[in-house]
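Reading through the structure tokens given below for one structure.
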There are 2 protein chains.
Amino acid sequence: MGNSQKDEAPLADCPVTYALRLIGGKWQIPILWALCQNRVLRYQELKRKIAGITNMMLAQSLKELESNGLVTRIQYTEIPPRVEYSPTEAALRLLPALEELGKWGAEMKQRSLPVEGPQ
Amino acid sequence: MGNSQKDEAPLADCPVTYALRLIGGKWQIPILWALCQNRVLRYQELKRKIAGITNMMLAQSLKELESNGLVTRIQYTEIPPRVEYSPTEAALRLLPALEELGKWGAEMKQRSLPVEGPQ
DNA sequence: CAGCATCCCTTAAGATACTG
DNA sequence: CAGTATCTTAAGGGATGCTG
């Protein structure tokens, strides 16, 4: 990023911002949600549960989640190949926060205020 | 719940994703946090409290927050101009979720797993 | 003081095609 | 089956300078 190397430690230390760096991508939460509900899913099952995701995004997001300690990947060396994904303990501990956020989101949605971006 | 009806209703209906559309920008949370703590702040006060933000991003983020019903803007027509921002009720109701997220983020941070992106 | 306008750059995300 | 590689597009974010 073109960040100015000046002085500030702007939002680097905000834990919420940190959390969003882990799960703020477009697909991270849908993936984690599916995994937390099912505890273990194969790649294709996951893909089928998440409407609209492409292989690219699913594989890439899973990799990031794994790197960040939120998903465990187990590969069975058989033919045909089989890989299973599960949520880590850390991911499961995220659920209360997600539920709070979800409650709030649902509330906000109901008031049917349109979501506006910059014009 | 959450079984695929047909196919494409991807994440449009996920309340968490909806919430993140409202507050997922880089500066929304720092801004809301400052406002919720102080209840009312002028533009420059806000800017000073949020290290690293530019006029562009502050003004733009405030506008979006206002459009989405999370921030109230009151403009006093005097010279020099004075504008005050406050959190709406909806923004205040977000606090529990932010606190949960923050707790989790702090936990995650401590395990000092590096935050990885795509390579 | 409280902002907009403009231009630019980086990153996220998606389409498409191919492989062990 | 479970992914990669490559390319393209879209959006977010930022620097700088100007205005009511």
Side-chain angles (χ1 to χ4, degrees), chain A residues 1-6 8 10-12 17 20-31 40-68 71-86 115-119, chain B residues 8 10-12 17 20-31 35 40-67 71-86 115-119:
Chain A
M1 236 184 280
N3 206 351
S4 48
Q5 288 283 66
K6 287 216 184 120
E8 327 280 355
L11 19 104
T17 298
L20 288 184
R21 282 219 299 283
L22 299 175
I23 57 157
K26 183 168 178 184
W27 300 104
Q28 266 72 8
I29 286 179
I31 292 172
V40 51
L41 287 173
R42 304 179 56 170
Y43 183 90
Q44 289 297 337
E45 291 173 323
L46 208 35
K47 189 174 173 197
R48 256 174 258 119
K49 290 202 182 285
I50 302 172
I53 198 170
T54 62
N55 277 334
M56 258 284 301
M57 294 316 293
L58 179 53
Q60 179 182 306
S61 304
L62 280 169
K63 243 179 171 172
E64 289 170 31
L65 288 170
E66 196 193 354
S67 294
N68 290 325
V71 160
T72 303
R73 187 191 118 114
I74 302 178
Q75 171 165 8
Y76 299 88
T77 41
E78 17 178 270
I79 303 264
R82 179 163 127 246
V83 179
E84 288 183 348
Y85 292 94
S86 340
V115 180
E116 309 254 350
Q119 306 250 350
Chain B
E8 313 290 338
L11 17 105
T17 298
L20 288 183
R21 282 219 298 282
L22 299 176
I23 57 157
K26 183 169 178 182
W27 300 105
Q28 267 73 9
I29 285 178
I31 292 172
L35 287 178
V40 53
L41 288 173
R42 302 180 56 171
Y43 184 90
Q44 289 295 339
E45 292 173 322
L46 208 35
K47 188 175 175 194
R48 257 174 259 119
K49 290 201 182 284
I50 301 173
I53 198 169
T54 62
N55 278 334
M56 257 288 295
M57 293 317 292
L58 179 53
Q60 179 182 305
S61 304
L62 281 170
K63 240 179 170 175
E64 289 171 29
L65 287 170
E66 196 194 355
S67 294
V71 161
T72 303
R73 187 191 120 114
I74 301 178
Q75 171 164 8
Y76 299 87
T77 42
E78 13 178 276
I79 303 266
R82 179 164 128 247
V83 179
E84 288 182 350
Y85 292 93
S86 339
V115 181
E116 309 253 350
Q119 309 247 345

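What you see is a predicted model; the values in this text were computed from it and never measured. First the proteins, then the strands, lettered A, B, ... as listed; each starts at 1.
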Report, one pair per line, the protein and nucleotides 13-15 of chain C atoms (nitrogen or oxygen only) whose separation is under 3.5 Å.
{"residue": "C:dA13", "atom": "OP1", "partner": "A:Lys26", "partner atom": "N", "Å": "3.0"}
{"residue": "C:dG14", "atom": "OP1", "partner": "A:Lys26", "partner atom": "NZ", "Å": "2.3"}
{"residue": "C:dG14", "atom": "OP2", "partner": "A:Trp27", "partner atom": "NE1", "Å": "2.7"}

Closest heavy-atom pair and its distance - A:Gln28, A:Leu22 = CG-O, 3.7 Å
Can you name the residues that form a salt bridge (Lys or Arg N to Asp or Glu O under 4.0 Å) with A:Glu66, not counting sequence neighbours?
-> none
Identify the heavy atoms of B:Ile23 and B:Ile29 that sit nearest to each other, and give their distance.
-> O-CG1, 3.6 Å
Distance, rounded to the nearest Å, where B:Arg21 contributes CZ and D:dG12 contributes P = 11 Å
For B:Lys47 and B:Thr54, which heavy atoms make the closest approach, and how far apart are they?
-> CE-C, 4.5 Å
Five-pair end axes of the helix from C:dC1-D:dG20 to C:dG20-D:dC1 and the angle they enclose, rounded to 10° = 50°
Atom-to-atom span, CD1 of A:Ile31 to C1' of C:dA12 - whole angstrom | 14 Å
Rounded off to whole Å, could you give me the CD1-to-C1' distance for the A:Ile53 and C:dT16 pair?
-> 16 Å
In residues 72-82 of chain A, which residues come under 4.0 Å of DNA chain D by heavy atom?
-> A:Arg73, A:Pro80, A:Pro81, A:Arg82
Measure the distance from CG on A:Asn55 to C1' on C:dG20 and round it to the nearest whole Å.
-> 15 Å
B:Leu35 and B:Val40, any side-chain heavy atoms less than 4.5 Å apart | no
Using the test salt bridge (Lys or Arg N to Asp or Glu O under 4.0 Å), find all partners of B:Arg82 that sit at least two apart in sequence or belong to another chain.
-> B:Glu78, B:Glu84
Would you give the length of the straight line joining atom CE of B:Met57 to atom CD1 of B:Ile31, rounded to the nearest 0.5 angstrom?
-> 8.5 Å
Once you round it to whole Å, what is the distance between P of C:dA2 and CG of B:Leu46?
-> 10 Å
Rounded to the Å, how far apart are B:Leu58 CG and C:dC4 P?
-> 10 Å
B:Leu65 CG to C:dG3 P, straight-line distance once rounded to whole Å | 13 Å
Where the side chain of B:Tyr85 is defined as all heavy atoms beyond and including C-beta, which of C:dG3, D:dT4, C:dC4 is the nearest nucleotide?
-> C:dG3
Heavy-atom pair of closest approach, residues B:Ser61 and B:Trp27 | OG-CB, 3.9 Å
Set of side-chain contact (heavy atoms from CB on, under 4.5 Å) partners for B:Val83, sequence neighbours left out | B:Arg73, B:Gln75, B:Tyr85
Taken to the nearest 0.5 Å, the spacing of B:Asn55 CG from B:Gln44 CD works out to 6.5 Å
Side-chain N or O of A:Lys47 less than 4.0 angstrom from OP1 or OP2 on D:dC1?
-> no
side-chain contact (heavy atoms from CB on, under 4.5 Å) against A:Ile74, all qualifying residues, sequence neighbours excluded = A:Thr72, A:Tyr76
Atom OH of A:Tyr43 and atom C1' of D:dG3: how far apart are they, to the nearest Å?
-> 6 Å
Nearest to side-chain heavy atoms of B:Arg42, which nucleotide of C:dG3, D:dA2, C:dC1 = C:dC1
